[in-house]
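Here the structure comes first, spelled out in structure tokens, and everything after it is commentary.
In this chain, numbering begins with 1 at the start of the sequence shown. Small disclaimer: the values here were computed from a predicted structure and weren't measured.
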Amino acid sequence: MGQAQQTENAEQIDIKALQDMYRRFVTECPSGLLFLHEFKRFFGVETTGEASDYAECMFRAFDTNGDNTIDFLEFVAALNLVFRGDLEHKLRWSFKVYDKDNNGYVDRSELRSIITSIYRIKAGSNSDVNLQSTVDETVDRIFQAVDSDGDGTINMEEFIRGAQQDPWVLNMLKLDMNPAMWVLEQRRKSAHF
């Protein structure tokens, strides 16, 4: 019974956060379109830095039609996925975040870029001396576990299968595939300013 109540409380928090973001979207974007700079402002993200890079990747993943804007339906669908999607849907969304050039594959450079951003955000620093070796080790380990055909790229099927089969890989991808925590944290930070 305690777990059911905990789930219910989490859903109520999610619903309240969603409703707040919907209201703010309508207020701040009466045109119904959210541009990248507005997206960053919406979540209280600086225009440069690691959080900015991560926000750009999230923006791209939310912009499902690729028109460089997020309309209200894309926004609602993205937030619904972020807060309520199942593991496979979140992994599919996460793959889009990693696939920066949208070519259907994640290469080492794309994976390294996102992992670096995530590590820097978590560390709260832009100049950790050991960061690069840690990132390279993480990228190598993910590729070893996920790149099943050994072609030096990860397609969506490899990405999903690898994450579902290897708890360590899944844990690493959760840093990025759980944007709900990032969204709520950015909203909390911007509410205090």
Side-chain angles (χ1 to χ4, degrees), residues 33-43 45-71 73-82 85 87-123 126 131-166 168-183 186:
L33 298 176
L34 186 62
F35 293 88
L36 177 59
H37 70 279
E38 294 168 324
F39 182 80
K40 288 180 181 180
R41 187 180 70 227
F42 188 86
F43 290 109
V45 174
E46 299 293 325
T47 55
T48 60
E50 295 305 324
S52 176
D53 293 345
Y54 186 70
E56 288 177 28
C57 293
M58 285 186 62
F59 180 86
R60 243 190 8 270
F62 285 1
D63 179 18
T64 56
N65 66 0
D67 67 354
N68 293 320
T69 63
I70 298 173
D71 64 33
L73 290 177
E74 287 172 319
F75 186 75
V76 171
L79 288 177
N80 188 51
L81 169 67
V82 164
L87 177 62
E88 185 171 337
H89 284 101
K90 287 182 179 182
L91 285 169
R92 287 182 182 282
W93 181 87
S94 184
F95 181 84
K96 291 178 184 179
V97 172
Y98 282 98
D99 183 15
K100 291 177 123 181
D101 62 8
N102 202 26
N103 68 353
Y105 298 93
V106 175
D107 61 29
R108 285 184 178 277
S109 173
E110 290 170 319
L111 183 61
R112 184 177 290 111
S113 174
I114 298 296
I115 296 293
T116 299
S117 292
I118 292 168
Y119 276 14
R120 285 184 176 162
I121 290 168
K122 288 183 68 86
N126 289 336
L131 181 64
Q132 194 56 48
S133 65
T134 303
V135 168
D136 288 341
E137 290 168 6
T138 301
V139 169
D140 289 344
R141 186 166 173 192
I142 290 173
F143 261 88
Q144 288 172 355
V146 176
D147 184 16
S148 58
D149 62 9
D151 68 353
T153 62
I154 301 169
N155 63 35
M156 187 176 296
E157 289 73 31
E158 288 173 319
F159 187 88
I160 292 169
R161 186 175 50 249
Q164 290 175 334
Q165 291 176 350
D166 187 320
W168 180 85
V169 170
L170 180 59
N171 187 50
M172 292 308 300
L173 296 177
K174 277 185 179 178
L175 290 172
D176 192 52
M177 74 172 230
N178 185 11
M181 191 165 26
W182 183 86
V183 166
Q186 294 307 313

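- The side-chain hydrogen bond (donor to acceptor under 3.5 Å, both in side chains) search around Asp149 returns none, not counting sequence neighbours.
- Between Gly162 and Val146, the shortest heavy-atom contact is CA-CG2, 4.0 Å.
- With contacts defined as side-chain heavy-atom distances shorter than 4.5 Å, the pair Asp63/Asn68 qualifies.
- A donor-acceptor pair under 3.5 Å is formed between the side chain of Thr116 and the backbone N or O of Arg112.
- Annotation: side-chain contact (heavy atoms from CB on, under 4.5 Å) contacts of Leu34 (sequence neighbours excluded): Phe25, Cys29, Glu38, Phe39, Ile70, Phe75.
- Residue pairs that meet the salt bridge (charged side-chain N to carboxylate O under 4.0 Å, His left out) test with at least one member in residues 91-106, sequence neighbours left out, are Glu88-Arg92.
- Applying the side-chain contact (heavy atoms from CB on, under 4.5 Å) test to Leu33 and every residue at least two apart in sequence or in another chain returns Ser31, Phe35, Thr69, Asp71.
- In this structure, CE in Met58 is found 4.5 Å from CH2 in Trp93, a value given to the nearest 0.5 Å.
- Summarising the geometry of Ala163 relative to Val169, their closest heavy-atom pair is CA-CG1, 3.9 Å, with the distance given to 0.1 Å.
- Using a distance-only test at 3.5 Å, with no hydrogens or angles considered, a donor-acceptor pair links the side chain of Thr138 to the main chain of Thr134.
- Closest heavy-atom contact between Asp147 and Glu158: OD1-OE2, 3.5 Å.
- Listed by chain and number, the residues in a salt bridge (charged side-chain N to carboxylate O under 4.0 Å, His left out) with Glu56 are Lys40 (sequence neighbours excluded).
- Applying the side-chain hydrogen bond (donor to acceptor under 3.5 Å, both in side chains) test to Asp140 and every residue at least two apart in sequence or in another chain returns Arg108.
- With sequence neighbours excluded, the residues satisfying ring pair (Phe, Tyr, Trp, His ring centres under 6.0 Å) with Phe95 are Phe159.
- Arg161 is linked by a side-chain hydrogen bond (donor to acceptor under 3.5 Å, both in side chains) to Ser148, counting only residues two or more places apart in sequence or in another chain.
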